[in-house]
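What follows is a single structure, written as structure tokens, with notes after it.
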Amino acid sequence: MTEASESLNFIEQIVADDLKAGLSSDKLRFRFPPEPNGYLHIGHAASICLNFGLGKRFNAPVNLRFDDTNPTKEEQEYVDAIKNDIAWLGFKWATECYSSDYFQQLYDWAVELIKKGKAYVDGQSAEAMAEQKGTPTTPGTASPHRNQSVEENLELFEKMKNGEFEAGTYVLRAKIDMSSPNMLMRDPLLYRIVNKAHHRTGTEWCVYPMYDWAHGQSDYLEQVSHSICTLEFKSHRELYDWFLDQIYDDKKHRPKQREFARRNLSYTVMSKRKLLELVQSKTVAGWDDPRMPTISGLRRRGYTPESIRKFSEVSGITKRDSVTDVSLLEFCIREDLNKTATRVMGVLDPVKLVITNYPEGKEEMLTAENNPEDPNSGTHEVPFSRELYIEREDFKEDAGNKFFRLTIGQEVRLKNAYIIKGESVVKDSEGNITEIHCTCDLDSRSGSGTDASARKVKGTLHWVSIKHAIKAEIREYDRLFLDEAPDSHQDKNFMEFVNPDSLNIIKEAYLEPFLKEAQMDDKFQFQRLGYFTLDKDSNSEHLVFNKTVGLRDSWAKQKPKAAQPNNQPVAQQGQGRKPIDEIKKISKKYANLSGDKLDKARASIMNLAESVTYEDIEPLFNTSAKKVGTRIGVMLTLGVLLKKGLVRNSEIDAFIEAGLSDSNELLVAEAEAIK
RNA sequence: UGCCCGAUGGUGUAACUGGCAACACGUCUGGUUUUGGUCCAGAAGAGUCUAGGUUCGAGCCCUAGUCGGGCAACCA
């Protein structure tokens, strides 16, 4: 138990409370239970970090259990990908388990249930059973098979198991309560017949257990103490407990289920079904497309395990639904990469720069720091020559005072090189700049120690020597959806919000030659641009870099560029709220205020009162005497209305009278003012 | 219409379990800087969904309401 001073999230609190109540700490055991029917995403990372974090905090084992009870959807490919992702995230599971390992035990328990008269085989159609289930507000009706004899049930279930029936013809149901307010308790299904090979058990089984019958029992078999899942399983808890009641042996530890809210990320979707749709519709290139919120997508994009763990940590665990802004995720990756990424230079949108006073044919190697944040990171060499590429965006023929980059007649520094001054431009017939000519101060070489090199200039540009540059493909990504919560619109499908410009490919960017040696998983900062990493599509002939995330850019914010995706939520406080409600809100704590805050509150009440009617305040005259603040607010509002010509009546007089005789000075003063 | 959850600055979380709301992101200033990055200093922004109640005192407790979410797959 480290970091005991930190506040616990409510799940950790539950565990801590159990410990305090006498649970022996060696009984603690957790599990992460994915279904191998898709890839893990950033939402799963929350659950992984929670469960493995619990294990770490309380020094208890955490199992990885594949919930593989549905062979129609599950595949070995997903099992492998999930294990890979969890390991990459940096977690070690105690035991690798599968629900399918328990098929025999589960079957035996089901037979016991039948013998106890608590389960029966139903041969009706799915539609008929759904019909009988009733609705949340009306009770269900019993199946005609509900009271079949134990012998008949046993025989039918045996035949189900032996494959004597076709898929979908019979099911095994628990006999619980067809009129329970909890729909899940209305004789839920335990087993169905499925004719499909299972990725682990092959064709051994013809019947497969449903989630509810498998999950809690698996927890029990593994002696998991705390079974943590997401909120949509809350109503399953009653069933979870009912099933445990049937098989529980009090010499063993009984698991408990607790639920937390799943995490949503802005501008993306987070359900496996929807992610699968993006993959199958070829909207993205695959589960690990760098635009996907999957662990594998984020990894390919250049995110680190540290950054994802950090994101989970700062996001927290609660029971309310929320949409976390991607900017928080971006902060986490920038924070990590800033400390570790090697600084290099690359030009994405080149324009030729000729240094007219630098000797033709001359080349020199300059020294570049690998990472100014890390004094031990060393340096590397970068070649310099007369003709360079710089970023087209870094030059303007005539620019305002706030443009810190290259213009005609102004000096800027070339990073790690010389200070230059813009002299002239060469344009093509259409007026596009094809070359920029400049002169450089040959005394100003970085690191030379001369006075000239120490001179302060307005800006520093990145560059690359044309002769030495290597070419590479760069892939830049924008958010996959244009809407903050694309799947939250009841009238629109999330696919309508797909951002058509989420991928921008730069076929030919120019990079310093140092990058020729780049390896997969190396992290680079292309200075002044952002963080980049090699994509798996790379080979020695053709380098491909993914842009992980841009640097924070306070210059971009100043530019009016309307094309920037708007990050700001539209909703503003107070909008659509009635003035009187606003006044009530401000008034509530009025009596606690003083000084500036008091004056401010008073002024805004007076201001709001201008648009309040008598009908609004009349019902507030009998606000209880204790709610002084509200009464002061009403008094102030009344004053404004009276000034505007409101005619006095007995209710008004009574209210003022009551105010005058109150013990609160503020209220008395306001009453005095208008009496 | 029934049952079950939830509601704290723009966003995500906190508040030592009842003592007048804190942290992070984001935003805005200013400083440092050979990255308009980093770093440093500072600011603005909520009075805790509403109304009652209990209490000396409520974001935390009680009651009623409002709003949001979940629950009727041979999915998990």
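Residue numbering restarts at 1 for every chain, and letters A, B, ... go by the order of the sequence lines.
Taking 3.5 Å as the limit, the base of B:G37 and the side chain of A:R334 contain no donor-acceptor pair of atoms between them. With hydrogens and angles ignored, a donor-acceptor pair closer than 3.5 Å exists between the side chain of A:Q525 and the base of B:U35. Taking 3.5 Å as the limit, the base of B:G12 and the side chain of A:E313 contain no donor-acceptor pair of atoms between them. A donor-acceptor contact under 3.5 Å links the side chain of A:R343 to the base of B:U35.
A sub-4.0 Å separation between OP1 or OP2 of B:U27 and a side-chain N or O of A:K557 is present. In this model, the phosphate group of B:U13 is approached by a side-chain N or O of A:T318 to a distance below 4.0 Å at OP1 or OP2. Close to B:U34, at under 4.0 Å from its OP1 or OP2, lies a side-chain N or O of A:K456. Dashed line: the shortest gap from a side-chain N or O of A:S180 to OP1 or OP2 of B:C3 is not under 4.0 Å. Phosphate contact (OP1/OP2 of B:C5, side-chain N/O of A:S235, threshold under 4.0 Å): absent. An OP1 or OP2 oxygen of B:G36 is reached within less than 4.0 angstrom by no side-chain nitrogen or oxygen of A:R552. Under 4.0 angstrom from either OP1 or OP2 of B:G2 there lies no side-chain N or O belonging to A:R186. Listed pair A:S7 / B:U13 fails the phosphate criterion, with no side-chain N or O lying under 4.0 Å from OP1 or OP2. Residue A:R320 has a polar side-chain atom (N or O) positioned under 4.0 Å from OP1 or OP2 of B:U13.
A:S235 and A:N182 share no donor-acceptor pair across their side chains, judged by distance under 3.5 Å alone.
Remark: of the listed residues A:R405, A:K458, A:R455, A:K421, A:R455 is the sole one forming a salt bridge (charged side-chain N to carboxylate O under 4.0 Å, His left out) with A:E411.
Between A:V323 and A:Q527, the one whose closest nucleotide on RNA chain B sits nearer the 5' end is A:V323. Taking for each of A:N37 and A:S488 the nucleotide of RNA chain B with the nearest heavy atom, the 5'-most of the two is the partner of A:S488.
In this structure, A:L265 places its CG atom 11 Å from P of B:G12, rounding to the nearest Å.
Per the stacking criterion (ring centres < 5.5 Å, plane angle < 30°), A:F331 does not stack onto the base of B:A24. Stacking between A:Y211 and B:A76 is absent: the ring centroid is not both under 5.5 Å from the six-membered base ring centre and under 30° in plane angle.
Taking syn as a glycosidic angle within 90° of 0, B:U17 qualifies as syn. B:G47 has its base syn relative to the sugar, with a glycosidic angle deviating from 0 by at most 90°.
In this pair, A:Y39 and A:Y78 present their aromatic rings perpendicular. The plane angle is above 60°, beyond the 30 to 60° band.
Pairing for B:C23 goes to B:G12, judged as Watson-Crick or G-U wobble with the two contacts each under 3.5 Å.
Ring pair A:F404/A:W555: centre-to-centre distance not below 6.0 Å.
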